[in-house]
J.: 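Dumping the structure here so I can ask a few things about it.
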Amino acid sequence: MLGPADEFPIHQLPQPIAWPGSSDRNFYDRSYLNAHDRSGDIFLITGIGYYPNLGVKDAFVLIRRGEEQTAVHLSDGIDEDRFNQHVNSYRIEVSEPLHKLRVVLEETEGIAVDLTWNGLFDAVREQRHVLRTGNRITLDAQRFAQLGSWSGVISIDGEDIAVDPSVWLGSRDRSWGIRPIGEAEPAGRPAHPPFEGMWWLYVPMAFEDYAVVMIIQEEPSGFRSLNDCTRIWRDGRVEQLGWPLVQIHYTSGTRIPYGATISTTTRDGTPVVFEVESKLAVPLHLGGGYGGDSDWLHGVWKGEKFTERRSYDLTDPSVSGRSMFGMVDHVGRAECREGDGPAKQGWGLFEHGALGRHDPSGFTDWLTVAP
């Protein structure tokens, strides 16, 4: 169980790096990255995850163009070399930690990717995220986030799409800890009170002079279990912005937003208002492996050297009808006004999910939709 990382003085426990500090089956270590060209015509989302207590590692590439969403899934048995992040034909190379990465998918099922990430701003550590179901911790995670640009090429069925760093940007996060993964566990005694849902908002955006990373989670009553809004300046300064007041603009008859108005303040009370709009939506549970995905879940054992490609027609009612019942990532455009100053334009990720009951939104159960 020794690996190359054991040669370095980075241990936190008296055991090999490949052994997680927790015996919880749900321990994970994952990267998430997205890329778009600000047009609303294409959105690529990708990631790699290690699940040492399940003996699994996996990766995915998810691309939406027009009304089609295409996913490539890769899975294999875990190994001990954490400096060589790879799953079959997919790999992430860390060229300059916290600044520069390379993401490669060698041609697999007609899809290939060779992209280089350059951080536009410093990575920022988010608040530790802890949730309990009854007495049990079901989520205990640490993350850092970053906004950056992309260069390289995306190939789809023989068509090469040039990725120009002056246009293409995105966000990424690294997270590790405990969260539900893999096959479903035996239920045991039903939780009391039962799980009634969650409301989630994650908005990392890049502007000319600064980036903003906002992360909010609310219980069905509207009580916030996570609340963090951070501005990162180009000179390295990190500034907290005040309690965000959020109004999500939902498309009628759905729970999918077309935009949001987010109001916050600086330390001296100056109002900072973000008008956010969706340019293209990607439901993460349609091929991305996140909660509610019936085809692919992170950490599930698929066998040695597993790969597959799946496509989703978003005009098909049987597919589009599932879209609102999970987390949805949007190509996000924002205008920010600070006090009486001029509007500044930013681009990034607008991620939202309203699952189950949420009193402030008027959602009384799992099926209520916006009027």
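Any value given below was found using the heavy atoms of this structure, including those in side chains, with hydrogens, waters and symmetry copies removed.
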J.: Between Glu338 (side chain) and Thr270 (backbone), is there a donor-acceptor pair under 3.5 Å?
T.: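 No; judged by distance alone, with no hydrogens or angles, the pair does not exist.
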
J.: Answer with yes or no whether the side chains of Tyr210 and Asp235 bring together a donor and an acceptor at under 3.5 Å.
T.: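 The answer is no; no qualifying pair exists.
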
J.: Flag yes if Tyr50 and Trp19 sit in one hydrophobic cluster, no otherwise; membership is Ile, Leu, Val, Met, Phe, Trp, Tyr, and two members link when side-chain heavy atoms are under 4.5 Å apart.
T.: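 No, it is not one cluster - the side chains of Tyr50 and Trp19 are not joined through contacts under 4.5 Å.
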
J.: Taking Thr46 for its side chain and Phe60 for its backbone only, find out whether a donor-acceptor pair lies under 3.5 Å.
T.: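 Judged by distance alone, yes, a pair lies under 3.5 Å.
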
J.: Where do Ser311 and Thr70 come nearest, in terms of heavy atoms and distance?
T.: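 For Ser311 and Thr70, the tightest heavy-atom pair comes out as OG-OG1, 3.6 Å.
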
J.: Flag this pair as yes if the NZ/CZ of Arg234 is under 6.0 angstrom from the six-membered ring centre of Phe121 and inside a 45 degree cone about the axis; otherwise no.
T.: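 The answer is yes; both the distance and angle limits are met.
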
J.: Indicate yes or no for a side-chain donor-acceptor contact from Thr251 to the backbone of Ile256 under 3.5 Å, with no hydrogens or angles considered.
T.: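 Pair found, side chain donor or acceptor close to backbone of Ile256.
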
J.: Asn118 side chain to Lys100 main-chain N or O, any donor-acceptor pair under 3.5 Å?
T.: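 Side chain of Asn118 to backbone of Lys100: no pair is present.
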
J.: Report, as yes or no, whether the 6.0 Å neighbourhood of atom CD on Glu7 holds more than 12 heavy atoms from other residues, nucleotides or ligands.
T.: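 Atom CD in Glu7 is not crowded, with 12 or fewer foreign heavy atoms closer than 6.0 Å.
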
J.: Tyr51 ring centre to Arg25 NZ or CZ under 6.0 Å, with the angle to the axis within 45°?
T.: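 No.
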
J.: Please round to the nearest 0.5 Å and tell me the distance separating atom OG of Ser39 and atom CG of Leu280.
T.: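 So the gap between those two atoms works out to 8.0 Å.
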
J.: Is there side-chain contact between His86 and Asp79, with heavy atoms separated by less than 4.5 Å?
T.: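 Counting from C-beta outward, His86 and Asp79 do come under 4.5 Å.
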
J.: Got a sec, which pairs hit ring-ring contact (aromatic ring centres under 6.0 Å, His included) with one end in residues 155-182, sequence neighbours left out?
T.: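 Passing the test, one end in residues 155-182: no pairs.
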
J.: Quick one: does any side-chain atom of Ser149 pair with a main-chain N or O of Leu169 as donor and acceptor, under 3.5 Å?
T.: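 Answer holds: no.
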
J.: Got a second to check how far Met198's CE is from Leu139's CG, nearest 0.5 Å?
T.: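 Between atom CE of Met198 and atom CG of Leu139 there are 9.0 Å.
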
J.: Counting distance only, does the side-chain N/O of His285 pair as donor-acceptor with the main-chain N or O of Val328 below 3.5 Å?
T.: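 Not confirmed, His285 side chain does not pair with Val328 backbone.
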
J.: Is Trp117 reachable from Val163 through a run of I, L, V, M, F, W or Y residues, each pair having side-chain heavy atoms under 4.5 Å apart?
T.: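 Yes, because Val163 and Trp117 connect within a single hydrophobic cluster, where side-chain heavy atoms sit under 4.5 Å apart.
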
J.: In Å and rounded to the nearest 0.5 Å, what is the CG to OH distance from Leu74 to Tyr90?
T.: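 One gets 9.0 Å once the value is rounded to the nearest 0.5 Å.
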
J.: Count the heavy atoms belonging to other residues, nucleotides or ligands that lie under 6.0 Å from CD of Gln240, then report whether that count exceeds 12.
T.: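 No, not enclosed.
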
J.: What class does the angle between the rings of Trp200 and Tyr202 fall in, given that below 30° is parallel, 30 to 60° is tilted and above 60° is perpendicular?
T.: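 It falls in the tilted class, 30° to 60°.
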
J.: Looking at Arg65 and Glu159, does any basic side-chain N land under 4.0 Å from a carboxylate oxygen?
T.: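 Salt bridge: yes.
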
J.: Identify whether the distance between the nearest side-chain nitrogen and carboxylate oxygen of Glu93 and Arg91 falls below 4.0 Å.
T.: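 Here Glu93 pairs with Arg91 in a salt bridge, since their nearest N and O are under 4.0 Å apart.
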
J.: With ring-ring contact (aromatic ring centres under 6.0 Å, His included) as the criterion, how do Tyr258 and His330 come out once you've worked through the C-alpha distance, each side chain's angles and the decisive distance to 0.1 Å?
T.: CA-CA 9 Å; Tyr258 60 85; His330 304 254; over 10 Å; no

J.: Output the distance between atom CD (Gln69) and atom CG (Leu284), rounded to the nearest 0.5 Å.
T.: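 That separation rounds to 8.0 Å.
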
J.: Does a side-chain N-to-carboxylate-O contact under 4.0 Å join Arg309 and Asp157?
T.: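 Here Arg309 pairs with Asp157 in a salt bridge, since their nearest N and O are under 4.0 Å apart.
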
J.: If you measure from CD on Gln146 to CG on Asp122, what distance do you get to the nearest 0.5 Å?
T.: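 These two atoms lie 7.5 Å from each other.
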
J.: If you count heavy atoms of other groups shown closer than 6.0 angstrom to CG of Asp268, is the number above 12?
T.: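 Result for CG/Asp268: enclosed.
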
J.: Do Phe207 and Asp209 have side-chain heavy atoms sitting under 4.5 Å apart?
T.: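 No - every pair of side-chain heavy atoms lies 4.5 Å or more apart.
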
J.: Check for a donor-acceptor pair, side chain of Asp6 on one end and backbone N or O of Gly3 on the other, with a separation under 3.5 Å.
T.: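 Yes; at least one donor-acceptor contact below 3.5 Å.
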
J.: Any chance CH2 of Trp366 has more than 12 other-residue heavy atoms, nucleotides or ligands included, within less than 6.0 Å?
T.: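 Yes, because the 6.0 Å sphere around CH2 of Trp366 holds more than 12 heavy atoms from other groups.
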
J.: Could you grab the distance from atom CE of Met214 to atom CG of Leu201, nearest 0.5 Å is fine?
T.: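 So the CE of Met214 and the CG of Leu201 are separated by 7.0 Å.
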
J.: Distance only, no hydrogens: is a donor on one side chain within 3.5 Å (strictly under) of an acceptor on the other, for Arg322 and Tyr312?
T.: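 Side chains of Arg322 and Tyr312: no pair found under 3.5 Å.
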
J.: Do other residues, nucleotides or ligands put more than 12 heavy atoms under 6.0 Å from the NZ atom of Lys344?
T.: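 No, the 6.0 Å shell around NZ holds no more than 12 heavy atoms from other groups.
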
J.: Measuring only between side-chain heavy atoms, which start at C-beta, is Trp199 closer than 4.5 Å to Ile216?
T.: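 Counting from C-beta outward, Trp199 and Ile216 do come under 4.5 Å.
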
J.: Could you tell me which non-hydrogen atom of Pro20 sits nearest to which non-hydrogen atom of Asn53, and how far apart they are?
T.: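 Nearest heavy atoms, Pro20 then Asn53: CG-OD1, 3.3 Å.
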
J.: Would a distance-only check, ignoring hydrogens and angles, find a side-chain to backbone donor-acceptor pair under 3.5 Å from Glu219 to Gly222?
T.: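 No; zero donor-acceptor contacts below 3.5 Å.
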
J.: Other residues, nucleotides and ligands only: do more than 12 of their heavy atoms fall within 6.0 Å of CD on Glu183?
T.: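 Enclosed: over 12 neighbouring heavy atoms sit under 6.0 Å from CD of Glu183.
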
J.: May I ask whether Met327 and Val319 are part of the same hydrophobic cluster, defined by side-chain heavy atoms of I, L, V, M, F, W, Y residues being less than 4.5 angstrom apart, directly or through others?
T.: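 Per the 4.5 Å side-chain linkage, Met327 and Val319 are not co-clustered.
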
J.: Between the side chains of Thr315 and Glu67, does any donor sit under 3.5 Å from an acceptor?
T.: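 Note: Thr315 and Glu67 side chains miss the donor-acceptor criterion.
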
J.: Just checking, any donor-acceptor pair under 3.5 angstrom between side chains of Tyr32 and Ser171?
T.: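 No pair is found: no donor N or O on one side chain lies under 3.5 Å from an acceptor on the other.
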
J.: Can a side-chain donor-acceptor contact be found between Asn26 and Glu185 if the only test is distance below 3.5 angstrom?
T.: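 Judged by distance alone, the side chains do pair up.
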
J.: So, Thr307 versus His73: side-chain donor-acceptor pair below 3.5 Å or not?
T.: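 The criterion, which ignores hydrogens and geometry beyond distance, is not satisfied for His73 and Thr307.
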
J.: Less than 4.0 Å between a side-chain N and a carboxylate O, is that true for Arg30 and Asp173?
T.: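 Here Asp173 does not pair with Arg30 in a salt bridge, since their nearest N and O are not under 4.0 Å apart.
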
J.: Indicate whether the side chain of His358 and that of Glu218 have a donor and an acceptor atom separated by less than 3.5 Å.
T.: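 Yes.
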
J.: Cation over ring, Arg255 on Tyr250, under 6.0 Å and within 45°?
T.: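 The answer is no, since Arg255 fails at least one limit relative to Tyr250.
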
J.: Does Ile215 belong to the same Ile/Leu/Val/Met/Phe/Trp/Tyr cluster as Leu33, with side-chain heavy atoms less than 4.5 Å apart forming each link?
T.: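 No, it is not one cluster - the side chains of Ile215 and Leu33 are not joined through contacts under 4.5 Å.
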
J.: Side chains of His129 and Gln217 only: does a donor on one sit below 3.5 Å from an acceptor on the other?
T.: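 A pair is found: one side chain offers a donor N or O, the other an acceptor, under 3.5 Å apart.
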
J.: On a heavy-atom basis, which atom in Thr108 and which in Ser89 lie closest, and how many Å separate them?
T.: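 It is OG1-OG, 2.6 Å.
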
J.: Less than 4.5 Å apart, any side-chain heavy atom of Ile178 and any of Thr138?
T.: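 Of all side-chain heavy-atom pairs linking Thr138 with Ile178, none is under 4.5 Å.
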
J.: Any non-hydrogen side-chain atom of Leu241 less than 4.5 Å from a side-chain atom of Thr265?
T.: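 The answer is no; the side chains never approach within 4.5 Å.
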
J.: Kindly indicate whether a cation-pi arrangement holds for Arg125 with Phe144, taking the cut-offs as under 6.0 Å to the six-membered ring centre and within 45° of the axis.
T.: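 So Arg125 doesn't make the cation-pi contact.
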
J.: Would you call Asp76 and Lys305 a salt bridge, using N to O less than 4.0 angstrom?
T.: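 Looking at Lys305 together with Asp76, the answer is yes, because their closest N to O distance falls below 4.0 Å.
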
J.: Should Trp150 and Asp164 count as side-chain neighbours, where that means a heavy-atom distance under 4.5 Å?
T.: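 Not in contact.
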
J.: Find out whether Ile181 and Leu297 are in side-chain contact, i.e. whether some heavy atom of one side chain is under 4.5 Å from a heavy atom of the other.
T.: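 No; the side chains remain at least 4.5 Å from each other.
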
J.: Please evaluate residues Ile154 and Ile63 with respect to the criterion side-chain contact (heavy atoms from CB on, under 4.5 Å), reporting the C-alpha separation (whole Å), side-chain torsions for both, the decisive distance (0.1 Å), and the verdict.
T.: CA-CA 10 Å; Ile154 301 167; Ile63 303 171; 4.2 Å; yes

J.: Between Asp365 (side chain) and Arg357 (backbone), is there a donor-acceptor pair under 3.5 Å?
T.: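 Side chain of Asp365 to backbone of Arg357, a donor-acceptor pair under 3.5 Å: no, none is there.
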
J.: Decide whether Phe363 and Ile248 are clustered together by the hydrophobic rule: side chain heavy atoms of Ile, Leu, Val, Met, Phe, Trp, Tyr closer than 4.5 Å, transitively.
T.: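 Yes, Phe363 connects to Ile248 through the hydrophobic network.
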
J.: Determine yes or no for a side-chain-to-main-chain donor-acceptor pair under 3.5 angstrom, with Asn34 supplying the side chain and Leu349 the backbone.
T.: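 Looks like no, no N/O pair under 3.5 Å.
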
J.: Is the shortest side-chain N to carboxylate O distance from Arg310 to Asp295 below 4.0 Å?
T.: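 Here Arg310 pairs with Asp295 in a salt bridge, since their nearest N and O are under 4.0 Å apart.
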
J.: Evaluate the side-chain proximity of Thr266 to Val272: yes if any heavy-atom separation is below 4.5 Å, no if none is.
T.: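 Val272 vs Thr266: side chains touch.
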
J.: Between Ser155 and Asp160, do the side chains contain a donor N or O and an acceptor N or O under 3.5 Å apart?
T.: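 Checked: Asp160/Ser155 side chains pair up, N/O donor to acceptor below 3.5 Å.
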
J.: Flag the pair Arg128 and Asp140 as a salt bridge only when some basic side-chain nitrogen lies within less than 4.0 angstrom of an acidic carboxylate oxygen.
T.: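 Salt bridge between Arg128 and Asp140, a charged N being under 4.0 Å from a carboxylate O: yes.
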
